[in-house]
S.K.: 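Next up is a structure, given as structure tokens.
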Amino acid sequence: MRARLAISSLVVALALALGGSTAHAQATRTWVSGVGDDANPCSRTAPCKTFAGAISKTAPQGEIDVLDPGGFGAVTITKSITIDGRNAMAGVLVSGTNGVIISAAATDVVTLRGLTFTGLGTGLSAIKYLTGATVHVEDCVISGFATDAIDFQPGAGVTANLYVKHLNVNNNAAGLVVGGMGSPSVVVVKSNFFNDSIGLHATGTAHVTIHDSVFGGNAMYGLWAEGTAEINMDHGLVTANGTGVQGDSTVRLSEVMIGHNTTGLAGTKVASFGNNRVQAGNGTNGTPSSTLPQQ
Amino acid sequence: MPMRRLMAACAALGLVLGAGGVARAQATSETYVSGVGDDANPCSRTAPCKSFAGALANTLAGGIITVLDPGEFGFVLIDRAITIDGHARHGGIQPATAGITIAAGATDVVALRGLSIIGGAGATNGVTVMSAGLVEIDDSWISGFSDGVAFTPAMGGQLVLDEVVLKDNSDAGVVVGAANGAALATITKSRSEGNGVGIRAVAGGKVGVYDSDVSRNAAEGVLALVDAGGGNAEVNLESVMASGNATGVRAAAAAGSAVVRLSNVMSTSNATAPFAESGGGQVLSFGNNRLDVVPAIALSSTAPSQTVTAGMDATYPIDVGVTGLTAADLAFACSGLPAGASCSFAPMTLPAGTVSGQVVLTVSTTAASGNGGLVVPGADAGARGAASLLLLAFVLLMGGGFLALGKRRGRGTAWRPLGAAIVLVALVGGAAGLTACGSSASTTPDLSMPGGGDDLGGAGDMAAVPDDLSGGAMPTPPGSYAITVTGTSGQLSGSLALTLVVN
């Protein structure tokens, strides 16, 4: 009898302990605040202090929301998650490390919204993808990283998607780097890439689609395609870069103004739909390698 | 008594801490300001400062000042790389004179985000950049100053305006230029409205504008302006609306060059003109813009009728006025010339974008001559060559025909193959002569297209050419001729009727 009581007590205690722990770990929506505390359960009334503190208490496919301004630090993501800072000024300020590392399962979807990444010139990459199915980056600002603003290079045999909307990237060694051994598919809309060494660098077999975006003041290249990568760009401005568009692999351009670059178009695989503006005050305008008919 | 002593001690400690806080410099990379903050605070998240200036003093170079809640954060002089971010709560400053002045290092990056910078009476500039590597202004509102953004760093640098509203600034929404070096600006998804000038590039300034609006400005929506001091100013416009200004887009250069390139620009309802050029300024079109003027080329001449003796040149000064934007060079041609006459224009073309210009038309005529007319006064080399070929062909035709048909006159038939060969050569040569006439562009007589003079007997009928040649030199017959001059740029053309009287 006593033994049974003891055992049942133990079971109850264990259940309570697990339950408590699960309640914290499995909330579908958690909160961080500039004045929070990671010892808190990350609830609306008792928010956490860091993304890293909150993510361990957030269920897969859940969401971490930012209550008020603050710096919420680096985080490694290993599951489907949304981090939404649009409600406030949500900062990720790092030096010498990566900002957000995405190391999720092959079917996981990760969404980052409304975040300001600051690398102070020494941060490695603001967003570094290792594994995962799909990454959404929206309404973010990324500046001052010594490697890449976003490093999206899936491993061999991996097909992965990156969707970028309303991203402002500036002053990084490279802005958006896509490629790797796998098959990355990338869509970029309404985004700006300013004053990086390279605005967008597509390698490997990456397929990149860009709409309504600006590449300006990038020291080496505004856009650069290598390997067997493809970049398609419709509507936008490529201005004041070293070389505006370097097409060592296929780049197709439509309705793009390429002006005030040291060199406008370069490389042997820049295709124009005949509706771009290249005679626009580049040091050397360059010419498309081929012209594709509009039909 | 002990209580009072304790309070005094606390006060002293507070003072020491406060003083230490200000002097200190436990500056960090992340600082905060709040409408209810205090500059005596360390500007931390839990103890925010009250002003941008106070926070800047506590922020390391490359750091970020974040606005916690709404407030008035005052004038600030930025002397290092910094980000001020009011996205969360849209931080505001309402300075008495200048808003934000940036005098940072040559490679420093300064970012201003989510700010409302509002000037009042006597305000100078919203953001003044004296030196910096890059200044990036995002998602901000700047109104009520002389210049909203004055980006004229002496040694150049880069400026980015992204989703910025520049409104009701009396001089300009944004000014870009550099006395030395290049000031490169990119403006995207922004609005510059109700200012004196929306966007003004001055010497040293190169501006790229995308997906933006420059409307309702008192003078120009966009202006590239170079004064007598010289230099270059350029603005590239892609997908821009310019409406309701005095002038939509203007390029003016007293010296050096001022260029505005337009692509997908809609310039309409501007009080004076959709675009204008002055001095050496050029407004260049990619041919895909929408203006509310009907494009036209108007030609006129102060001396539309000339009388010459055959063999002399007639010159006509022609004024060219273009309404609307031309994307292709203006080329000129004439028709209705009499036989033996050719026309040429100097200059041959006027550049695309020309609003007004002048060319001189020279019509060269050919005198009747019995000496073969190998030298045609006033005719260009192409016409002379063609005339020579035709003459040679004619002579050969006559001679060869004589030999080939000589048998009837009792000559040996051995000469007949030679005669036939000469006839063949003559025909080929004649054809070449005619082709040369037709292919020498506007500088040759338009023999292949003699139309336009249908009411005038001598107006270049091909059938009459051999008859004329029998006279020796394709002379220009006396008479009065109606000549039509046509100016063409792309799909656009205009014409002018002139009179040539040949005695």
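Order of the sequence lines sets the chain letters (A, B, ...), proteins ahead of strands, with each chain counted from 1. Values reported hereafter were calculated over all heavy atoms of this structure, with side chains retained and with hydrogens, waters and symmetry mates removed.
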S.K.: At their closest point, which heavy atom of B:V33 faces which heavy atom of B:A55, and how far apart are they?
M.R.: CG1-CB, 3.5 Å

S.K.: Does A:E63 have any side-chain contact (heavy atoms from CB on, under 4.5 Å) partners at least two apart in sequence or in another chain, and if so, which?
M.R.: A:R29, A:D65, A:T82, A:D84

S.K.: Going by heavy atoms in the side chains, are A:T262 and A:N241 under 4.5 Å from each other?
M.R.: no

S.K.: Is B:E234 salt-bridged to B:R261, cutoff N-O under 4.0 Å?
M.R.: yes

S.K.: Chain A: which of B:V259, B:N264, B:V209 shares the most heavy-atom pairs with it under 4.5 Å?
M.R.: B:N264

S.K.: Name the member of A:N275, A:D212, A:L237, A:N168 that forms the most heavy-atom pairs with chain B at distances under 4.5 Å.
M.R.: A:D212

S.K.: Side chain, backbone, both or neither: which part of B:Q158 has a heavy atom under 4.5 Å from chain A?
M.R.: side chain

S.K.: Identify which part of A:V35 has an atom lying under 4.5 Å from any heavy atom of chain B, answering side chain, backbone, both or neither.
M.R.: both

S.K.: B:T59 and side-chain contact (heavy atoms from CB on, under 4.5 Å): which single residue from B:I82, B:I64, B:T83 fits?
M.R.: B:I82

S.K.: Strictly below 4.0 Å, N to O, side chains only: are B:R191 and B:E163 in salt-bridge contact?
M.R.: no

S.K.: Does A:V270 offer a backbone N or O that forms a donor-acceptor pair with the side chain of A:S289 under 3.5 Å?
M.R.: yes

S.K.: With a 4.5 Å cut-off on heavy-atom pairs, point out which of A:M257, A:H260, A:Q279 contacts chain B the most.
M.R.: A:H260

S.K.: I need the residue from B:L60, B:L284, B:T186 with the largest number of non-hydrogen atom pairs under 4.5 Å to chain A.
M.R.: B:T186

S.K.: Of the backbone (N, CA, C, O) and the side chain (C-beta and beyond), which part of B:Y210 lies under 4.5 Å from a heavy atom of chain A, both, or neither?
M.R.: both

S.K.: Looking only at non-hydrogen atoms, find the nearest pair between A:G175 and A:V169 and report the distance.
M.R.: CA-CG1, 3.6 Å

S.K.: Applying a heavy-atom distance below 4.5 Å, give me the residues of residues 194-201 of chain A that approach chain B, sorted by number.
M.R.: A:F194, A:N195

S.K.: Can you tell me which of A:N192, A:T239, A:T118 forms the most heavy-atom pairs within a distance under 4.5 Å of chain B?
M.R.: A:N192

S.K.: Hey, are A:S33 and A:D68 close enough side-chain-wise for a donor-acceptor pair under 3.5 Å?
M.R.: yes

S.K.: Salt bridge check: are B:R250 and B:E277 linked by an N-O gap of less than 4.0 Å?
M.R.: no

S.K.: Consider side-chain contact (heavy atoms from CB on, under 4.5 Å). Of A:I231, A:L167, A:L176, A:I150, which one does A:V188 pass it with?
M.R.: A:L176

S.K.: Using non-hydrogen atoms and a 4.5 Å limit, figure out which bit of B:T188 sits close to chain A: side chain, backbone, both or neither.
M.R.: side chain

S.K.: Please state whether the side chain, the backbone, both or neither of B:D211 comes within less than 4.5 Å of a heavy atom of chain A.
M.R.: side chain

S.K.: Relative to chain A, which of B:D162, B:D138, B:T46 shows the most heavy atom pairs under 4.5 Å?
M.R.: B:D162

